[in-house]
Student: 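Below is the structure I would like to discuss, written out as structure tokens.
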Amino acid sequence: MVMNIFSAFRDRIVDAVESLGLETRDGNPLQTAKVNVEPPRDASHGDLATNAAMVIAKQVGENPRHVAEKIVAALENNPDIVEATIAGPGFVNLRISNAFWLTQLKLMADPHSGYGRSTIGGQKKVNVEYVSANPTGPMHVGHCRGAVVGDTLANLLAFAGYDVTKEYYINDAGAQIDVLARSVYLRYKQALGHAIGTMPEGLYPGDYLVPVGEALAEKHEDALLSMPEDEALAVIKDAAVDAMMALIRDDLAALNVHHDVFFSERTLHEGNGGKIQSALNDLTMKGHVYKGKLPPPKGQLPDDWEDREQTLFRSTDVGDDIDRPLVKSDGTYTYFAADTAYFVDKFERGFKEMIFVLGADHGGYVKRMEALAKAVSEGSVQLTVLLCQLVKLLRDGEPVKMSKRAGQFVTLRDVVDEVGRDPVRFMMIYRKSSEPLDFDFAKVTEQSKDNPVFYVQYASARCHSVFRQAEEQLPGTKADLDRLDLLVDESEIALIRKLAEFPRVVETAAVAQEPHRLAFYLYELSNSFHGHWNKGTDNEQLRFVKVNNPQLTSARLGLVQGVLNVLRSGLDILGVAAPAEMR
RNA sequence: GGUCCCGUAGCUCAGUUGGAUAGAGCAUCAGAUUCCUAAUCUGAGGGUCGCAGGUUCAAUUCCUGCCGGGAUCACCA
């Protein structure tokens with residue numbers, strides 16, 4: 001069953017076109033791929049519009065309006081099309097019967113139909129990697145947008161029929177983890193009663209490491225002090241990473257973000273770097289690795305630049321700007337070498353598409369990642385990097401000051417605790433991710449129609465309010481999906497038309513990997529619903545609950561049910577609650 | 001200097017992968033609202049889509065070059 005009526009009617013239009021038996025000028029088969037059916041920009045044009053005539057006209061060497069006439073004639077017998085007219089340069093505008101809209105509403109209002117779900121993904125295996133914050137402390141507000149965008153995109157893709165895995169890459173190997181371990185070592189000493197003074201420069205000064213030190217002191221007492229330092233640090237490292245990941249998982253849960261897989265970078269280095277070695281062997285076999293020198297960077301030469309021969313990935317062969325080092329001067333693998341092994345691991349797990357949600361400051365990594373995918377998968381994996389622009393935090397219009405050195409950074413938890421999970425999630429997605437975003441604490445908690453979060457959630461609450469009103473005034477009255485034919489008002493049908501856009505929005509947003517479209521759609525739908533409601537203030541006939549007409553009330557409850565179902569499904573994808581009431 | 005992102009109404013932003021007269025919210029202005037279901041409602045004005053070329057039936061959308069704003073730029077992670 002195709003729920004996207006736009007693609008359903010597209011099929012009908014294409015059938016109609018092909019039934020005309022038109023001959024192309026060059027004798028090639030008629031190309032209909034560019035034929036589309038969309039909601040017209042102006043509602044007065046009709047319910048659906050197609051560009052079919054204009055696409056076909058050139059191929060057959062005829063005037064577009066003339067082709068349009070033929071298409072209109074071919075559609076004459078279609079029972080769902082009440083009217084087909086030609087407009088502008090050759091658009092065919094269709095008006096759809098109320099009966100058709102009402103069968104759609106029946107689907108929308110049925111909570112078991114899964115209205116809006118799509119099969120467009122074809123159960124393709126997609127890996128969405130997002131957040132992947134270093135396990136060296138709690139998440140700060142900078143991670144917030146990527147977390148929401150990644151999580152929402154993953155939800156959206158799953159809803160659109162993809163087989164999605166949400167993944168987090170734990171950077172638990174490397175210098176910053178050693179710094180973490182040394183910082184915790186000091187906190188451990190402190191917990192044992194040693195004076196540590198102020199944290200030395202370069203270590204993590206945050207208080208969040210204090211309980212980690214205390215837990216170690218409780219478990220090991222002073223045993224770690226008598227060990228050689230590197231052995232003690234190894235023990236501490238494990239405990240510290242576990243503690244930080246626990247912290248981060250809590251933060252993510254507060255944002256309603258839940259990953260399926262947490263992948264540890266350290267597992268790639270285990271066994272003397274076996275996984276990395278075999279990944280590099282794979283790259284070497286495919287002819288992408290060589291020993292050579294890198295040209296010095298342009299512009300100002302770094303102080304410690306050393307011109308040396310090294311093991312390089314010839315990424316320039318596959319679209320990168322510069323070849324990438326795989327082995328450091330001390331003989332250990334570079335971060336990128338581990339990335340290679342990680343990519344190979346994902347590849348072997350069968351993902352056909354990999355999405356990385358990163359902050360805009362990681363723009364420089366895009367090309368090497370794409371190059372990696374091309375080299376390893378030989379073009380069979382589609383890798384996309386979604387760059388999220390930065391978030392500017394505001395309080396009553398004034399920028400919030402943050403100083404990393406002074407340890408004064410706003411944590412993700414601070415923001416969620418202050419404004420709530422729903423406003424954070426909604427506002428982080430209520431903007432194209434390639435666009436910078438202003439986040440004003442005051443505005444996102446405002447209880448007014450000027451606040452989109454409130455406006456959309458309020459639509460959900462209002463739906464429930466109608467059910468409560470109906471129960472109060474007409475006890476026992478339920479939505480009746482078999483008497484939807486009682487819905488005849490243009491304003492009601494218009495609302496159904498808006499609902500009918502949902503499956504299309506899901507599909508286009510999923511394909512474009514632009515989850516913000518869904519948030520904007522939900523706002524528009526709420527706008528239509530509130531608008532219809534407001535008509536009831538002037539015209540009592542349009543109110544949902546009609547005490548003297550239980551049948552009509554039941555039909556209208558069906559409409560409300562449809563609105564509520566779509567709002568719920570949409571908000572669910574956004575990870576935002578659809579409240580029953582707002583007080 | 002290289003690369004990537006952005007430039008649309010006074011402000012904040014959408015714009016359905018190339019379609020018709022470019023939209024919404026805020027702000028501004030003009031009306032309505034003693035009745036009503038729940039956090040007022042209706043309407044109006046406001047634009048060289050950064051600039052200049054190109055591709056075509058059709059460009060805010062795709063291509064090229066400029067202008068302006070942001071991010072980033074060896075081995076670190």
Side-chain angles (χ1 to χ4, degrees), chain A residues 6 34 36 38-42 45 49-51 54-55 57-58 63-64 87-91 93 134 136 171 173-177 179 265 294-302 304-308 310 320-330 332 334-336 338-339 359-367 385 387-390 430-438 440 443 446-452 454-455 458 461-462 465-466 468-469 473 501 504-505 507-509 511-512 514 516-517 519-521 523-524 527 530-531 533-538 540 543-545 581-583:
Chain A
F6 299 93
K34 286 194 157 185
N36 62 25
E38 339 181 288
R41 187 163 291 178
D42 189 333
H45 291 148
T50 179
N51 64 353
M54 291 178 289
V55 173
K58 195 178 183 189
N63 177 318
F91 286 98
N93 294 326
N134 288 344
T136 56
N171 294 127
Q176 90 287 0
I177 294 298
V179 172
E265 181 190 356
L294 227 40
K298 288 182 178 152
Q300 201 178 353
L301 205 63
D304 52 351
W305 169 261
E306 52 175 315
D307 191 26
R308 68 179 181 91
Q310 49 190 335
D320 203 358
D321 299 323
I322 191 167
D323 291 340
R324 304 292 170 181
L326 296 166
V327 181
K328 288 189 260 181
S329 50
D330 66 1
T332 59
T334 61
Y335 183 80
F336 186 73
D339 260 358
D361 52 340
H362 288 72
Y365 300 93
V366 176
K367 284 195 175 175
V385 179
L387 291 180
C388 295
Q389 291 298 314
L390 304 181
Y430 196 63
R431 185 115 314 172
K432 204 168 20 176
S433 55
S434 57
E435 197 85 22
L437 178 139
D438 289 350
D440 194 311
K443 282 187 185 163
E446 194 177 273
Q447 300 268 301
S448 84
K449 76 176 197 69
D450 299 340
N451 179 357
F454 174 80
Y455 192 72
Y458 181 52
R462 185 168 256 176
S465 169
V466 173
R468 284 192 295 269
Q469 287 285 338
Q473 296 179 38
E501 290 178 23
R504 173 185 160 87
V505 170
E507 289 180 358
T508 54
V511 169
E514 292 187 347
H516 73 278
R517 294 191 192 201
F520 280 93
Y521 168 74
Y523 181 85
E524 288 172 20
N527 184 253
H530 291 312
W533 170 281
N534 287 328
K535 284 185 181 151
T537 56
D538 288 338
E540 214 171 304
R543 297 187 183 184
F544 292 108
V545 180
E581 60 178 358
M582 298 176 82
R583 301 255 173 214

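Computed from heavy atoms alone, side chains included, the values below leave out hydrogens, waters and symmetry copies. In what follows, chains are A, B, ... by sequence order, proteins preceding strands, each numbered from 1.
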Student: For B:U17 versus B:G53, give the span between their P atoms, rounded off to a whole number of Å.
Tutor: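 Going atom to atom, P in each nucleotide, I get 28 Å.
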Student: As a test of reading the structure: which of B:A74, B:A14, B:A20 is closest to the side chain of A:Leu294, going by heavy atoms?
Tutor: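 Per side-chain heavy atoms of A:Leu294, the pick is B:A74.
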Student: Out of B:A24, B:U17, B:U3, which has the shortest distance to the side chain of A:Asp321?
Tutor: B:U3
Student: Taking any heavy-atom pair under 4.0 Å as a contact, classify A:Ala87: base, sugar-phosphate, or nothing.
Tutor: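 Counting heavy atoms under 4.0 Å across all strands, the contact made by A:Ala87 includes a base.
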Student: The side chain of A:Asp361 is closest to which nucleotide in this list: B:U16, B:C13, B:U72?
Tutor: B:U72
Student: Could you tell me whether A:His516 contacts a base, only the sugar-phosphate backbone, or nothing, with contacts defined as non-hydrogen atoms closer than 4.0 Å?
Tutor: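 The residue A:His516 makes sugar-phosphate contact but no base contact.
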Student: Compare the minimum distances between each of B:U12, B:A77, B:C75 and the side chain of A:Tyr365, then state the nucleotide with the smallest one.
Tutor: B:A77
Student: Give the nucleotide from the list B:U17, B:C36, B:G19 with an atom nearest to the side chain of A:Arg504.
Tutor: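 Selected nucleotide (nearest to the side chain): B:U17.
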Student: Could you write out each protein N or O paired with an N or O of nucleotides 44-47 of chain B at a distance under 3.5 Å?
Tutor:
none

Student: Which part of the nucleic acid does A:Phe6 contact within heavy-atom distance under 4.0 Å: base, sugar-phosphate only, or nothing?
Tutor: nothing
Student: Picking from B:A39, B:A77, B:C57, which would you name as closest to the side chain of A:Tyr458?
Tutor: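 Closest nucleotide to the A:Tyr458 side chain: B:A39.
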Student: Set out, line by line, the N/O atom pairs under 3.5 Å between protein and nucleotides 6-9 of chain B.
Tutor:
none

Student: Side chain of A:Glu265 only, heavy atoms from C-beta on: which candidate in B:C4, B:A38, B:A77 is closest?
Tutor: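 Closest nucleotide among those given: B:A77.
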Student: Give A:Asn451 one of three labels, base, sugar-phosphate or nothing, depending on what nucleic acid heavy atoms sit under 4.0 Å from its own.
Tutor: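 If one applies the 4.0 Å heavy-atom cut-off, A:Asn451 turns out to touch nothing in the nucleic acid.
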Student: Answer with base, sugar-phosphate or nothing: what part of the nucleic acid does A:Gln447 contact at a heavy-atom distance below 4.0 Å?
Tutor: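 Answer is base: heavy atoms of A:Gln447 come under 4.0 Å of a base.
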Student: Heavy atoms from C-beta onward define the side chain here; which of B:A71, B:C41, B:U17 lies closest to that of A:Asn534?
Tutor: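 So the nucleotide nearest the side chain must be B:C41.
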Student: Quick check for you: among B:G23, B:A77, B:A39, whose closest atom lies nearest to any side-chain atom of A:Arg41?
Tutor: B:G23
Student: Identify the stems formed by RNA chain B, where each pair is Watson-Crick or G-U wobble with both distances under 3.5 angstrom and a stem is at least 3 consecutive pairs.
Tutor: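 Runs of three or more consecutive pairs: B:1-7 with B:67-73, B:10-13 with B:23-26, B:28-32 with B:40-44, B:50-54 with B:62-66.
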Student: Verify the stacking flag for A:Phe91 against B:G19: centroid separation must be under 5.5 angstrom and the ring planes must differ by under 30 degrees.
Tutor: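 Not stacked by the 5.5 Å and 30° rule.
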Student: Picking from B:A71, B:A39, B:U16, which would you name as closest to the side chain of A:Leu390?
Tutor: B:A71
Student: Determine the contact category for A:Lys34: base if any of its heavy atoms lies under 4.0 Å from a base atom, sugar-phosphate if only primed atoms, P, OP1 or OP2 are that close, otherwise nothing.
Tutor: nothing
Student: If we take the P atom in both B:A22 and B:A32, what is their distance in whole Å?
Tutor: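 After rounding to an integer number of Å, I get 32 Å for this pair.
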Student: Could you tell me how far B:C57 sits from B:G69 if I compare only their C1' atoms? Round to whole Å.
Tutor: 37 Å
Student: Would you mind classifying the nucleic acid contact of A:Arg468 as base, sugar-phosphate or nothing, using non-hydrogen atoms under 4.0 angstrom?
Tutor: base
Student: Regarding B:A27, can its base be found pairing with the side chain of A:Asp450 as donor and acceptor, where the two atoms are less than 3.5 Å apart?
Tutor: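 No such pair is found, so the answer is no.
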